[in-house]
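Below: the structure, in structure tokens.
Proteins get letters first, then strands, A, B, ... in listed order; numbering begins at 1 in each. Note that the coordinates shown come from a computational prediction; the quantities given were computed from them, not determined experimentally.
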Amino acid sequence: MTGTGAQQDRFQALVDADERIEPRDWMPDGYRRTLVRQIAQHAHSEIIGMQPEGGWITRAPSLRRKAILVAKVQDEAGHGLYLYSAAETLGADRAELLDALHTGRQKYSTIFNYPATSWADVAAIGWLVDGAAILNQVPLTRCSYGPYARAMTRICKEESFHQRQGFEAMNVLARGTDAQRQMAQDALGRWWWPALMMFGPSDANSPNSAQSMRWGIKRFSNDELRQRFVDATVPQAEFLGLQVPDPEMTWDGEHHRYGPIDWTEFEVVMRGDGPCNRQRMATRVRAHEEGAWVREAAAAYARKRAASAEAAA
Amino acid sequence: MTSPLWEVFVRSRRGLAHTHVGSLRAPDAHMALRNARDVYTRRQEGTSIWVVPAAVVVASSPDEKDEFFDPAGDKPYRHPTFYEVPEGVEHL
């Protein structure tokens with residue numbers, strides 16, 4: 001559906017006036033496709049994102065940390081569901097989106113293909129990965145597509161606890177024994193660069209950005225948000241007494257300037273050859289297949305209840 | 001096998017109306033309600049939840065928005081600001 005000139009003008013006028021587009025409004029095909037792809041990728045990231053930390057639930061160092069971690073992983077499941085719900089308002093089908101994830105036709109964030117090898121990684125994920133996610137997500141609460149913006153508002157509200165609990169856990173380690181301090185330092189070393197890559201390719205290599213900005217889906221460039229993250233995070237690392245693994249990091253009086261990012265690594269992980277890509281997908285597909293009986297049982301139970309309600313009527 | 005889609009409405013506290021918060025998939029109303037509790041009220045966001053089969057929602061079309069809402073367009077006298085209140089007159 002290309003739409004008449006009047007429809008296109010009206011659509012762009014709404015976007016330019018910072019109004020929201022709602023599900024039943026006319027919208028260009030490209031806008032719909034871009035949103036479905038982006039929202040689905042975002043939803044997939046949330047549910048795959050349960051895995052690196054989920055493995056630590058049974059090994060959390062205290063009951064308090066365990067309860068916090070369970071709540072955080074539950075939130076990630078919930079965030080995935082908010083986003084699948086938003087994608088469905090665009091005509092996408094939830095089962096098809098999951099199938100696209102399971103068959104590799106749709107992607108999720110590269111960050112979740114790195115392993116959480118120690119408890120300190122759980123802390124670093126909360127602090128850095130959720131910290132970066134928040135910077136990416138806050139502008140999306142003003143995205144031009146209403147259901148996506150509303151889902152992001154809920155997610156951002158819930159996400160700030162994720163970052164804080166991570167920083168708190170990091171701070172405890174950084175002020176602990178020498179061994180704990182080293183764990184924290186190593187985790188920062190492992191997660192720093194992958195976290196910077198979460199903002200996506202540099203502006204020069206981000207061909208779709210300009211269109212997304214015109215459509216009011218994207219508000220800040222990848223490099224802009226990345227710089228914001230670095231400026232916010234470097235002082236936090238200093239507070240913790242930990243070293244950011246970037247020998248070229250300098251302060252230019254306004255910003256913390258970081259050294260070159262290894263985009264080859266990003267491409268390798270994106271292509272499917274990161275440390276955990278296969279494991280994450282296999283775990284996800286297995287969970288879906290092994291959960292089939294639950295879905296079937298729920299449907300059978302619903303049929304049974306409907307039948308007995310009918311018989312009683 | 002895909003479960004039907006349900007629209008979820010939550011009343012955040014007494015005295016307020018139920019507000020649409022999103023949707024979910026569930027095989028029946030009973031399970032939709034329980035899932036809605038877990039998905040949309042993990043932080044005590046609600047005191048009451050409605051779930052409605054998405055298929056039964058009837059919506060006006062944004063394309064016919066103008067004609068549809070036209071009848072109210074030329075009736076400014078329905079608003080109190082339409083009327084002139086003489087200076088010095090109070091409690092009106």
Problem set entry | Per-residue contacts, residues 65-90 of chain A versus chain B, heavy atoms under 4.5 Å | A:Q74, A:D75, A:G78, A:H79, A:L81, A:Y82, A:S85, A:E88
Problem set entry | Side-chain donor-acceptor pair present, A:Y148, A:H42, cut-off under 3.5 Å | yes
Exercise. Can a donor-acceptor pair be found between the side chains of A:S62 and A:R64 at a distance below 3.5 Å?
Worked result: no
Seminar exercise, completed: Greatest number of non-hydrogen atom pairs under 4.5 angstrom with chain A, of B:A29, B:A54, B:S23, falls to B:S23
Problem set entry | Shortest non-hydrogen contact from B:F82 toward B:P76 | CB-O, 3.4 Å
Exercise. Quick one: does A:R150's side chain have a donor or acceptor within less than 3.5 Å of a partner on B:V21's backbone?
Worked result: no
For this session: Only pairs at least two apart or in different chains count here, so list each side chain to side chain donor-acceptor pair (under 3.5 Å) that has a residue in residues 44-59 of chain B.
Result: B:H18-B:S48, B:H18-B:W50
Problem set entry | chain A contact via B:H30 - which portion, at a heavy-atom distance below 4.5 Å | side chain
Exercise. Quick one: which residues of residues 152-159 of chain A reach chain B at under 4.5 angstrom, heavy atoms only?
Worked result: A:R154, A:E158
Exercise. Is the backbone N or O of A:R32 less than 3.5 Å from a side-chain atom of A:R37, with the two atoms forming a donor-acceptor pair by type?
Worked result: no
Exercise. Within the side chain of A:Q7, is there an N or O that forms a donor-acceptor pair under 3.5 Å with the backbone of A:T4?
Worked result: yes
Exercise. Can the ring centres of A:F11 and A:Y31 be said to be less than 6.0 Å apart?
Worked result: yes
Problem set entry | Residue part contacting chain A, namely of B:A59, when any heavy atom lies under 4.5 Å | both
For this session: For atom CZ of B:R34, decide whether the heavy atoms of other residues, nucleotides or ligands shown that lie under 6.0 angstrom number more than 12.
Result: no
Exercise. Around B:R42, counting heavy atoms of other residues, nucleotides and ligands shown, do more than 12 lie under 6.0 Å from its CZ?
Worked result: yes
Exercise. Non-hydrogen atoms of chain B under 4.5 Å away: do they reach the side chain of A:R24, the backbone, both or neither?
Worked result: both
Exercise. Should A:R105 and A:D99 count as an ion pair when the cut-off is N to O under 4.0 Å?
Worked result: yes
Problem set entry | Residue list, ring-ring contact (aromatic ring centres under 6.0 Å, His included) with A:H288, at least two apart or on another chain | A:H102
For this session: Pick whichever of B:M31, B:R25, B:H20 has the most heavy-atom pairs under 4.5 Å with chain A.
Result: B:R25
